[in-house]
Amino acid sequence: MKLIHTIEGLRRELEALRAEGKKIGLVPTMGALHEGHASLVRRSVEENGATVVSVFLNPTQFNDKTDLEKYPRTLDADCALLESCGADIAFAPSVEEMYPEPDTRVFSYPPVDTVMEGAWRPGHFNGVCQIVSKLFVAVQPDRAYFGEKDFQQIAVIRAMVKDLKMKVEIVPCPVVREASGLAMSSRNTLLTAEERAVAANIYGVLSKSRNFATNHTLQETHRYVVDALNAIVGLEVQYFAIVDGNTLQELKHWSDSDYVVGCITVFCGSQPIRLIDHIKYKG
Ligand code: PAF
């Protein structure tokens, strides 16, 4: 595996790979890699002739500077994991390489980028679109792999790809969970062992709510999830929204859509750490 830090170096490598007729898969990451990322990389390695993994902690998508400062940075361990998964290139540019000038571009894809994370983290998806569009231009991937844990992010990136008529297939990949059910996330490393055990209740309650939903209204199910999680010491729900899985608009009745997803953000622990997850009720 090659570790490359510049766009020019990356382009040289990619030209050679394309000249051999290889399709290129891209897995964009912010580092602090875990088994969830590894599953994306393995899938890309299976489906493409060559796989590039970007490892770049993108400052423009953090509206909270302390969140950026706290974010774990583990490039050596990341490279070892990527090598073991069969990645061909780890692309780890500096901030100056990706943003030689401040990025003033504005991406706006209502309604999918204005609700939930878009409402609670203003500017977050604009930053995601800034970096992902730059990565797509630099790599020109045939396919790009994203984890479904960031359910809304995939909808926003799809909207951007459609808008800019980019020639890349977006491949959503299933959430990978710890044995406890907790969705894998780089942020989990910031939790103590006790907090991790508490955080496992997020998926526990979401899973139970699927049964509950079979004989309760959407509003009752919403209340069940929020009340059950807020009753657990160390957890505080920021929002829970039961939405149409395509438009991400909140629903009033189960019958309003064939594709119904519950999206949640919960604060966990004393720092606290912000964790997201979701559950499919229908579709
Ligand atoms: O999902 C992430 O890790 C980031 O939002 C992404 C897509 C790598 C852009 O920085």
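Remember, it's a predicted structure, so these values are computed and weren't measured experimentally. In listed order, ligands and their atoms are each counted from 1.
A salt bridge links Glu8 with Arg12: the closest approach of a Lys/Arg side-chain nitrogen to an acidic carboxylate oxygen falls below 4.0 angstrom. Checked for salt-bridge contact, Lys65 and Glu69 miss the test: no charged N lies under 4.0 Å from a carboxylate O. Checked for salt-bridge contact, Arg121 and Asp67 meet the test: a charged N lies under 4.0 Å from a carboxylate O.
Arg143 contributes no side-chain N or O that, together with a main-chain N or O of Val168, makes up a donor-acceptor pair within less than 3.5 Å.
Near Thr29, the atoms of ligand 1 lying under 4.0 angstrom from a non-hydrogen atom of the residue are 8 (C). Counting the atoms of ligand 1 from 1 in the order shown, those under 4.0 Å from a heavy atom of Gln61 are 4 (C), 5 (O), 9 (C), 10 (O). Per-residue contacts place Gln153 under 4.0 angstrom from the following atoms of ligand 1 (heavy atoms of the residue considered): 1 (O), 2 (C), 4 (C), 5 (O), 7 (C). Annotation for ligand 1: atoms under 4.0 Å from non-hydrogen atoms of Ile131 are 9 (C), 10 (O). Here is the list of ligand 1 atoms found below 4.0 Å of a heavy atom in Pro28: 8 (C).
In this structure, the protein non-hydrogen atom closest to atom 3 (O) of ligand 1 is Met30 CG, 3.7 Å.
Taking the ring centre of Tyr203 as origin, the terminal cationic atom of Arg177 falls inside the region bounded by 6.0 Å and 45° from the ring axis.
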